[in-house]
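Position 1 is the first residue of the sequence, and the numbers go up from there. Just so it is clear, the structure is predicted and the values come from calculations on it, not from any experiment.
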Amino acid sequence: MQSRFKHAALFSVKLLLSIAVLVYIARGLDLRQLRAHLVSVDPVLFVVALALIFFQTFVLNGRWELIMRALGVSLDWLAGWRILMISLWFNQVLPSSVGGDAVRMWLLRQRGVQWPEAVKGVAADRFTALIGLIVLMVAGLPVLLSRVSNQAAILAIGGLTLAGVAGTVVLLTLDRLPKRLIALPAIASFVRFGTLVRFLLLQSERRALLFGSALLIHLVTAAACYALARGVGAQLSILDAGILIPPVVLLTAVPISISGWGVREGAMVACLGLAGVPSEEALSVSLLLGAISVIIGLVGGVIWLASPERGSYSADKAAKAAEEAPSYGLGKEASSHP
């Protein structure tokens with residue numbers, strides 16, 4: 001009962017935050033113009049963006065499969081894609097306390113995968129995506145400095161990038177700390193996880209393919225946003241999309257709202273505004289991207305309805321199992337983007 005109350009309270013706080021941010025953004029906008037952008041979006045470019053995000057699920061699954069193989073788990077490509085799509089359904093559509101990552105772990109367990117491997121695979125998949133995002137932000141900083149004159153924005157994005165780099169370096173080098181420290185239970189699991197990710201990116205046979213897929217996924221998101229921007233008439237270049245969308249994705253990944261709603265819109269308006277995109281157009285891009293994510297989630301919902309595991313699933317069991325599984329700081333509720 002206490003656990004249910006905690007989950008309900010957490011969901012309520014996230015929902016209120018999403019609504020509050022959306023209302024705050026909308027206060028200073030021309031809502032008629034916003035509506036006009038949304039209803040007049042070029043259908044061809046919207047379909048292009050939808051196709052790009054759907055293609056992204058195949059790349060996501062390929063990356064995850066490479067990680068699971070490195071862990072000694074043979075994951076059939078189609079089975080992995082089905083699990084991934086179901087997790088997107090839980091992430092995007094359901095107001096559940098159990099997010100897609102917990103469901104991914106639970107579904108892996110139903111296939112006989114042990115909890116340590118299931119948790120490591122999902123956590124490493126998330127962290128690999130984060131590293132790819134940070135690399136793109138580091139690569140985009142020189143371009144950002146040459147194209148943006150807003151010093152506050154440069155400091156904010158630069159600080160965010162620096163924090164990401166520092167956090168990554170710390171995690172990957174935790175095993176260099178004194179042995180007495182890394183033996184502590186609170187640190188030991190992170191040390192093992194950092195060693196695993198370092199192996200995946202630096203020593204595994206398919207490290208180039210794994211790292212390349214981590215970059216490609218975020219570039220696909222940037223390309224989809226570019227298509228949506230052009231679809232609503234925004235004057236956004238592909239280069240600006242490439243350097244401004246990664247910070248949006250990173251901020252959206254912070255699990256403080258419902259599936260990133262509100263946070264994504266605020267970040268999109270702020271970042272695309274640096275390229276001269278009006279707030280109404282930037283918000284339109286974000287809302288349309290959110291709509292595409294929901295559509296992809298609904299496809300996952302159809303797959304879930306036909307899933308043989310659905311009969312034995314319960315949110316309480318999945319939440320309890322995720323809480324009892326070895327943890328690497330992986331939250332039960334994940335964002336909509338990798």
Side-chain angles (χ1 to χ4, degrees), residues 2-39 41 53 88-102 126 130 133 150 152-153 155-157 159-160 163-164 221 224-225 228-229 232 234 244-275 277-298 315 319 329 331-338:
Q2 185 177 2
S3 177
R4 286 188 178 182
F5 176 78
K6 178 182 176 182
H7 292 317
L10 181 61
F11 175 80
S12 299
V13 170
K14 291 182 176 182
L15 179 61
L16 288 173
L17 178 62
S18 292
I19 294 173
V21 174
L22 288 171
V23 170
Y24 177 78
I25 295 171
R27 283 177 58 194
L29 301 183
D30 185 337
L31 297 183
R32 290 184 181 179
Q33 192 174 2
L34 174 64
R35 180 178 178 277
H37 287 311
L38 290 172
V39 299
V41 60
I53 298 299
L88 294 179
W89 157 252
F90 278 86
N91 271 344
Q92 286 296 328
V93 182
L94 295 185
S96 170
S97 62
V98 181
D101 284 345
R126 282 288 177 185
L130 178 62
L133 194 58
N150 188 321
L155 287 174
I157 295 176
L160 191 64
T221 301
C225 290
L228 291 173
V232 299
L244 294 174
I245 295 303
V248 174
V249 176
L250 182 59
L251 290 169
T252 304
V254 180
I256 58 174
S257 63
I258 301 299
S259 297
W261 286 96
V263 175
R264 179 184 57 236
E265 283 65 44
M268 191 77 77
V269 169
C271 288
L272 295 193
L274 298 176
V277 177
S279 297
E280 291 81 5
E281 294 177 351
L283 182 56
S284 299
V285 171
S286 187
L287 293 175
L288 290 169
L289 182 63
I292 287 174
S293 298
V294 171
I295 292 170
I296 299 296
L298 288 172
K332 292 193 289 285
E333 187 166 0
S335 70
S336 58
H337 296 284

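- In this structure, I258 CD1 and N91 CG are separated by 11.0 Å, a value rounded to the nearest 0.5 Å.
- If you take CG on L283 and CG on L38, they are separated by 7.5 Å, rounding to the nearest 0.5 Å.
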Side chain to side chain contact (heavy atoms under 4.5 Å, CB included) between L287 and W261, worked out:
CA-CA 9 Å; L287 293 175; W261 286 96; 3.8 Å; yes
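- Residue C225 comes nearest to L289 through the heavy atom pair SG-CD2, 3.7 Å, listed as atom of the first residue, atom of the second, then distance.
- Rounding to the nearest 0.5 angstrom, the gap separating the CG atom in L155 from the CG atom in N150 is 9.0 Å.
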Acceptor/donor pairs from residues 22-36 side chains to any protein atom, 3.5 angstrom cut, sequence neighbours excluded:
from : atom 1 : to  : atom 2 : distance (Å)
D30  : OD1    : R32 : N      : 3.1
D30  : OD1    : Q33 : N      : 3.2

Does I157 form a side chain to side chain contact (heavy atoms under 4.5 Å, CB included) with L274? I'd like the steps, not just the answer.
CA-CA 11 Å; I157 295 176; L274 298 176; 4.0 Å; yes
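- Between V277 and A282, the shortest heavy-atom contact is CG1-N, 3.8 Å.
- Contact detail for L244 and C271: the closest heavy-atom pair is CD1-O, 3.3 Å.
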What verdict does the side chain to side chain contact (heavy atoms under 4.5 Å, CB included) test give for V248 and T221, after you've listed the backbone C-alpha separation in whole Å, the side-chain angles of each residue and the deciding distance to 0.1 Å?
CA-CA 10 Å; V248 174; T221 301; over 6 Å; no
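- With hydrogens and angles disregarded, no donor-acceptor distance shorter than 3.5 Å links the side chain of S286 to the backbone of M268.
- Legend: residues meeting side chain to side chain contact (heavy atoms under 4.5 Å, CB included) with V232, ordered by chain and number and at least two apart, are H37, V41, A234, E281, S284, V285, L288.
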